[in-house]
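Counting begins at 1 with the first residue of the sequence. As a basis for the values below, the full set of heavy atoms in this structure was taken, side chains included, without hydrogen atoms, waters or symmetry mates. Whatever order the structure lists ligands and atoms in, that order sets their numbers, starting from 1.
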Amino acid sequence: MPLGERGGWDKSESRYCGVETDFNDDMPQLLSFNLSTGGFDFVVATLMDPSYRPSMMEKGSSVSHVLPFAGSDLVLSPSQWSSHIVGKISSWIDLDSEDEILRMDSETTLKQEIAWASHLSLQACLLPSPKGASCANYARCVNQILQSLNNMQLWLRIPLVKNDDDSMDCDQLSDSWELWNSFRLHCEHHSQLSIALDVLSSLPSANSLGRWFGEPVRAAIIYTDSFLTNARGYPCLSRCHQKLVTGFFNHSIQIVISGKLVHSLPGVSSDSAADNIGNNIESAHRHPLRPYLDYIAYLYQRMDPLHEQERFELGYRDYLQSPLQPLMDNLEAQTYETFEKDLVKYIQYQRAIGKALLDRVPDEEASSLTTVLMVVGAGRGPLVRASLQAAEETGRKLKVYAVEKNPNAVVTLHSLVRLEGWGNMVTIVSCDMRHWDAPEKADILVSELLGSFGDNELSPECLEGAQRFLKQDGISIPSSYTSFIQPVTASKLHNSIKSHKDLVHFETAYVVKVHSVARLAPSQAVFTFTHPNFSTKKSNQRYKRLRFEIPVDTGSAMVHGFTGYFDATLYKDVHLGIEPSTATPNMFSWFAIFFPLRKPVCIQPGSTLEVHFWRCCGSTKVWYEWCVASPYPSPIHNSNGRSYWVGL
Ligand SMILES: C[S@@+](CC[C@H](N)C(=O)[O-])C[C@H]1O[C@@H](n2cnc3c(N)ncnc32)[C@H](O)[C@@H]1O
């Protein structure tokens, strides 16, 4: 399905490229020739005669007339219309013009063309860019259309413009994101309204470009005159444009080439070639824009293929999942199996345990002293295995207790004693660590009770219960963990949550493989827990105020919520985590967490976004509350854990 929303990018799929052209009766030939030879996959084509104006047609005649659509619906088959044509709405329309006749003509034409596109079952229509800074009437009309539209997407054409100079004349568009933002706010973030970015020869700063990857950009239109010329006379793009196009591929944004052949290629006359667009295709043998398409194909081929893990994760990109509740629920076999595939995680644990054993037992006592190690929350045994391997590696003697409250996982642990020959080195305990009456105290307490946000699977509460049976000088692995958050533009996540039409979904944290997001500021630490914590009985409630500085060159941006991560210190310098700047490479056990905002917050460049986060504890549950305090206050989300909580 080339034109609709695709799940993700994968090198095994073909790329999706289009050309912008006029519609005419040679369209079947144009399509069949270029689709079969790999020139392009779809055409952005005008739907109506550009000289048509409803007011002219009606003058002096009451006779009904046939609308001048470019080509009958019989020209192409229904599946060709739907898979290979994006309808280009007349570019002259101006619904915010001072001229009332033009305004009325524009509204009538827009509605007629969309109705025709729906009749043809097109998957998308390209709407012309608003003509001035004001777009309220255009947005009103589009919003009306959206209320009863079939599945068609409306791609609003937006030039990729952002000038850093504030002293510009007010009529000039200084940041086209503002135009998009006004339009989509008028249309209440409608999920069928998306963006086609017009990529020009000069590009804004990298920070401001990044914003668009959190917005619903479906297509990028690159003009032939934005291409440079390489040493052999062929079109190529600047390094910045190349990087941008690679970003588009990574986000399944379809590339459309627009304009005439402006490069005089060896043996091709630009005039004759341009005249050949859409007609006389056999004699041309190649579409005139083919050199540009070939260059885009070359950029695509040059990309690194996805790793196996990335391919696996494609299906999870931007897909919202409820966080696990391993304390309240019993995990299933396939969940354990997924954990167990993540070798990197267990290698880090094994390194940490090895270092702790060496610190605990000096070489001269290695053969006489036995270390008591307890794996609390042992699951199906991978941390028991890592502990035994660390003992073997370091030459230390070990006695292991494997404590697990899930009776189903305990069955596996018992069979592992036999299968892996753990013998009397390992004692299996089927019990909740908070209530276990341990026969002796541990030197080392090993656990992995971490959620994407660190403490969100109640590791603090569980370990607080378990530290009773850790010696006063005992070691906890992990020794600490910290959660982090970062403000993001994430229109796709926002729309998925909005589709549920209730408050509960906007006050829930989700585990998600975030992909189509724009990170608006570096992440900041939220809550830290340290183990063991024998000092005064400290509450696990937390409160943190954070201030994010939005870079000046980003431009204004929309905050749809916060992505959350964690970093854990297992022991000394051995850590593991998913915070982007320090993430453990090739570890895949955790996706990020996402805390949404009920109403997205618009922030200005150079301003401060002030956010408050609470970790609240009750007798039966733990939950988070969050809000924005500045630039303007949001409601406190999830008050009293009414929508989302973790059971104790
Ligand atoms: C995230 S899993 C990790 C399992 C295993 N250690 C691994 O790395 O694959 C956490 C495990 O801790 C167990 N668990 C959670 N809270 C517990 C508690 N209070 N007492 C005992 N086990 C607990 C869960 O049942 C689950 O098996």
Q: Show your reasoning for whether side chain to side chain donor-acceptor pair (under 3.5 Å) applies to Asn540 and Glu464.
A: CA-CA 10 Å; Asn540 290 326; Glu464 195 178 80; 3.1 Å; yes

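- Annotation: His500 is not in aromatic contact with Phe506 [ring centroid separation under 6.0 Å not met].
- Sorted by first and then second residue, the salt bridge (Lys or Arg N to Asp or Glu O under 4.0 Å) pairs with a member in residues 633-648 read Glu507-Arg642; sequence neighbours excluded.
- Judged by distance alone, the side chains of Tyr632 and Ser630 never bring a donor and an acceptor atom under 3.5 Å apart.
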Table of N or O contacts for ligand 1, cutoff 3.5 Å:
unit_1, atom_1, unit_2, atom_2, d
ligand 1, 6 (N), Gly377, O, 3.0
ligand 1, 8 (O), Lys345, NZ, 3.1
ligand 1, 8 (O), Tyr346, OH, 3.1
ligand 1, 9 (O), Tyr346, OH, 2.8
ligand 1, 19 (N), Asp432, OD1, 2.9
ligand 1, 20 (N), Met433, N, 2.9
ligand 1, 22 (N), Lys405, N, 3.3
ligand 1, 25 (O), Glu404, OE2, 2.6
ligand 1, 27 (O), Tyr336, OH, 2.6
ligand 1, 27 (O), Glu404, OE1, 2.8
ligand 1, 27 (O), Glu404, OE2, 3.2

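- Remark: Phe469 pairs with Trp436 by the ring pair (Phe, Tyr, Trp, His ring centres under 6.0 Å) rule, at least two apart or across chains.
- Partners of Phe527 by ring pair (Phe, Tyr, Trp, His ring centres under 6.0 Å), not counting sequence neighbours: none found.
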